[in-house]
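Here is how names work: the chains are called A, B, and so on, in the same order as the sequence lines, proteins then strands, and each is numbered from 1. All of these numbers come straight from a predicted model, not from anything done at the bench.
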Number of protein chains: 2
Amino acid sequence: MTNELENKIIKYVEEQLSCSAHDLEHVFRVYNLALKISENDNVDLDVLRAAVLLHDIARIKEDADNTGNTNHADLGAVMAGKFLGTTEFPIDKIRSVEKCIRVHRFRTNMKPESIEEKILFDADKLDSVGAIGIARTFGWVGKHGCRIFYRPDDLEAYIMANMSGKWNGKIQDKHLHSAQIEFDIKLKHMSDLLYTEKAKKIAEERIAYFQSFMERLEEEIQGNF
Amino acid sequence: MTNELENKIIKYVEEQLSCSAHDLEHVFRVYNLALKISENDNVDLDVLRAAVLLHDIARIKEDADNTGNTNHADLGAVMAGKFLGTTEFPIDKIRSVEKCIRVHRFRTNMKPESIEEKILFDADKLDSVGAIGIARTFGWVGKHGCRIFYRPDDLEAYIMANMSGKWNGKIQDKHLHSAQIEFDIKLKHMSDLLYTEKAKKIAEERIAYFQSFMERLEEEIQGNF
């Protein structure tokens, strides 16, 4: 892929995410991570780079649709295919990019198969752990008025009572929710969900860092630091 | 101070901060820290405990006043004095509690003088650094839509352009602001502003932790972790 074409893709992504600077920063973080993970592997970098840059272009549309019927992975794949079709990007690679975007989402029935699909999926999830995961989790806590630190005595009972018995990303009472619960329910199990060995290794180190941060936070809250 | 009286004070604080769970959690963190700092020192714990619990009771009123004329330290001191006057809290100690609350604020002309005033001031500021400072800073970033990571090439020029030449807590364009800027402008110089040696030591360790977190964050963003 030429620099010129990549810049054209970036310009299109910036337009789609223009009201969400955070999402755009996420895209560039995932880009750097994906290139790191793909080092020394036999990866189609044209497909990977285009897929990473375009993977969240329908995020704003999903967020704006209150019916919950818009899936940004499916819609993003369609939008990406249409956009790349207007460029000199090779037609057979467009299909691969579409597939990468379609399967990058957590809650989906389709699983990543190709190495490019797996790397996009993994790099995207890695942005939820480590120092960046801490920054994003507490940003989310601040935005939604959740609690900085709260660990229910019985996490299973908490999930049953507040999340209709399963983790679906929706919390009935945000004031009861906390970064610790996010970590315990979702983030600390992250590495089990990844596909590539390199990403699993990065995830484990990042999760350990997150865990040590939460332990330190609890100590500080109790006045022990 | 009896447990019964302390519980009465806590109940009053909860009423005043009822729409702000975060502020209430902050109060209890500062309480734990203040007791830690006061260990082995000749401190009037009645004054300190009452002052810590009551120090932010006018916070909601300051936030709700769009004219900017309400100072939660001055108003809080008056409210605390009135409230304690309805209890069996000794009258001479009420004056000390009022003074503690009046001088706990950063931007004020009056400085802490007594040991209780210094400990409340210091413990309150310590809640802005360390892991809890990271959690609160990114919570603020998320709430106000600031950027997770952004460091202007020229910080002085940034301050001149975006904060009318001085740090006044108001940012003209929140999308330009970031956790890194908050840290560079304010948080990393925190220990210079504190009064007690114990708090300075805690602050220095917490600031070093914050610094290492930001360095790791930058590495992760560049895909190096």
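Within residues 187-196 of chain A, no residue has any heavy atom less than 4.5 Å from a heavy atom of chain B. Residues of residues 206-220 of chain A lying under 4.5 angstrom from chain B, judged on non-hydrogen atoms, are Arg206(A), Tyr209(A), Phe213(A), Arg216(A), Leu217(A), Glu220(A) in numerical order. Heavy-atom neighbours of chain A within the stretch residues 122-134 of chain B, taken at a separation under 4.5 angstrom, comprise Val129(B), Gly130(B), Ala131(B), Ile132(B), Ile134(B).
Taking both residues in full, the closest heavy atoms of Glu25(B) and Ile148(A) are given as OE1-N, 3.7 Å, listed atom of the first, atom of the second, then distance.
For Lys200(B), the NZ atom counts as densely surrounded, since its 6.0 Å shell holds more than 12 non-hydrogen atoms of other residues, nucleotides or ligands. Around NZ of Lys93(A), the count of heavy atoms belonging to other residues, nucleotides or ligands within 6.0 Å exceeds 12.
Every residue two or more places apart in sequence or in another chain was checked for a side chain to side chain donor-acceptor pair (under 3.5 Å) with Gln222(A), and none qualifies.
The greatest number of non-hydrogen atom pairs below 4.5 Å with chain B, out of Ile202(A), Ile37(A), Val30(A), is found for Ile202(A).
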